[in-house]
Number of protein chains: 2
Amino acid sequence: MRIGELAEASGTTTKTLRFYEEAGLLPAPDRTANGYRDYAAEALARLGFIRRSRTAGFTLAQIREVLDIRDAGVAPCRHVQDLLETRLDDLDRQIADLQALRHTVAQLSNAAATVDPTDCDATTICRYL
Amino acid sequence: MRIGELAEASGTTTKTLRFYEEAGLLPAPDRTANGYRDYAAEALARLGFIRRSRTAGFTLAQIREVLDIRDAGVAPCRHVQDLLETRLDDLDRQIADLQALRHTVAQLSNAAATVDPTDCDATTICRYL
DNA sequence: ATGGACCTTCCAGTGCAGGGAAAGGTCAAG
DNA sequence: CTTGACCTTTCCCTGCACTGGAAGGTCCAT
């Protein structure tokens, strides 16, 4: 399978595939006589895993960790379980932070909608913020 | 006021102050005879505004817009109101996205905690993701 | 006069995940 | 035989908000 076919089949771009190879996420494939990359069918499953992991919000570095464990012949279950729990904690923290921020911004927005701007003072730049 | 004093008074760094000047957020201050930046007291209020805006999640580009309007002699009230509402919408979207993602990751995490990993298959890399 | 705390400029890098463009090789169809 | 769709490598660029470091000037106290 050539790089363009794999890119289309996996829903990504040739650029990204070369980048993943460079980044150690995809093993360097065989080359045909003319130097073209020649991917085996497994690459597609691997890219599916990468895509699902990205969708779950994992970084390429985290995905590479999992792949390295798998490539060492070990099932990465324990590591993936830990990653999922950590990711859940991170998400909870991010959501809480954003909700707190939303609260602050909502108050500012309400104030801006109700307070009369006539006594705006140039030295404070803007009384709404 | 020299740059170090202003940095300390505003709770930032000299590096950041030069960066803000370069980025058009702080007007270029006067210079003393020896070439040192010599800030007027207004710079402190301006930095306070920048800090509050950053806390509300605005980008430097957005803050610069507001400052440019103010510097043109116009009260930026209307623009700030719009920015606040847009920011609120953005936050709502971000929060909703993260909550949807949290839901997905929670399901994956639950599955990983309950499903027996014995029938893991190397071709799918990891059955949890 | 010398040390240290300031200040100046300019250049370059950080992290993340790629994207763009140049300059060239290869292959099948018309 | 040429056109166009592929493929190759290499290098640099993006956005965001800074941060680090080098090389040098200035000021004050000791």
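Letters go in sequence order (proteins before strands), and every chain restarts at 1. Treat the numbers as computed from the prediction; the structure is a model and nothing was measured.
The two atoms that bring B:S109 and A:E85 nearest to each other are OG-CG, 3.9 Å, heavy atoms only. Minimum interatomic distance between B:A7 and B:L17 (heavy atoms only, all atoms of both residues): N-CD1, 3.6 Å. Closest heavy-atom contact between A:V105 and B:A56: CG2-O, 3.7 Å. Across all their heavy atoms, B:Y128 and A:C77 have their closest contact at CE1-CB, 3.7 Å.
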| task | Test B:Q94 against A:Q94 for side-chain contact (heavy atoms from CB on, under 4.5 Å), laying out the working first. | result | CA-CA 10 Å; B:Q94 284 182 51; A:Q94 284 183 50; over 6 Å; no
| said: Go through it in stages, so that I can follow the logic: the residues are A:Y39 and A:L47, the test is side-chain contact (heavy atoms from CB on, under 4.5 Å), and I'd like the CA-CA distance, side-chain angles, deciding distance and then a yes or no. | reply: CA-CA 12 Å; A:Y39 291 95; A:L47 282 167; over 6 Å; no
| task | Please lay out, stage by stage, how A:R87 and B:L108 fare under the test side-chain contact (heavy atoms from CB on, under 4.5 Å). | result | CA-CA 11 Å; A:R87 182 85 190 102; B:L108 290 171; over 6 Å; no
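With sequence neighbours excluded, the residues satisfying side-chain contact (heavy atoms from CB on, under 4.5 Å) with B:D89 are B:R93. With sequence neighbours excluded, no residue forms a side-chain contact (heavy atoms from CB on, under 4.5 Å) with A:A45.
Using a 4.5 Å cut-off on side-chain heavy atoms (C-beta onward), B:L26 and B:R18 make no contact. In this structure, the side chains of B:L129 and A:F58 come closer than 4.5 Å at one or more pairs of heavy atoms. Put simply, the side chain of A:I50 does not reach to within 4.5 Å of the side chain of B:I125, judged on heavy atoms. Annotation: side chain of A:Q81 is in contact with side chain of A:R78 (closest heavy-atom distance under 4.5 Å).
For residues 18-32 of chain B, proximity to DNA chain C is found at B:R18, B:R31, defined as any non-hydrogen atom under 4.0 angstrom from a strand atom. Contact check of residues 87-104 of chain A against DNA chain C (heavy atom, cut-off under 4.0 Å) returns no residues at all. Contacts between residues 36-63 of chain B and DNA chain C, defined by a heavy-atom separation under 4.0 Å, are made by B:Y36, B:R37. Within a heavy-atom distance below 4.0 Å of DNA chain D, the residues of residues 4-15 of chain B found are B:T13, B:K15.
Judged as a side-chain hydrogen bond (donor to acceptor under 3.5 Å, both in side chains), the pairs with a partner in residues 7-17 of chain B (not counting sequence neighbours) are, in order, B:T13-B:T16. A salt bridge (charged side-chain N to carboxylate O under 4.0 Å, His left out) check over residues 65-75 of chain A, counting only residues at least two apart or in different chains, returns the pairs A:R46-A:D71. The list of salt bridge (charged side-chain N to carboxylate O under 4.0 Å, His left out) pairs with a residue in residues 104-114 of chain A, not counting sequence neighbours, is empty.
For the residue pair A:R102 and A:Q99, no side-chain donor N or O sits within less than 3.5 Å of a side-chain acceptor on the partner.
Close approach of DNA chain D to chain B, defined as any atom under 4.0 Å from a non-hydrogen atom of the protein, starts and stops at D:dA17 to D:dC27. Taking a heavy-atom distance under 4.0 Å as the criterion, the stretch of DNA chain C touched by chain A extends 5' to 3' from C:dA17 to C:dC27.
Comparing the helix axis at one end of the helix from C:dA1-D:dT30 to C:dG30-D:dC1 with that at the other, each defined from 5 consecutive pairs, gives an inter-axis angle of 30° (nearest 10°).
Rounding to the nearest 0.5 angstrom, the gap separating the OG1 atom in A:T86 from the NE2 atom in A:H79 is 9.0 Å. If you take CG on A:L83 and CD1 on A:I63, they are separated by 9.5 Å, rounding to the nearest 0.5 Å.
A salt bridge does not link B:R2 to B:D38: none of the charged nitrogens lies less than 4.0 Å from a carboxylate oxygen.
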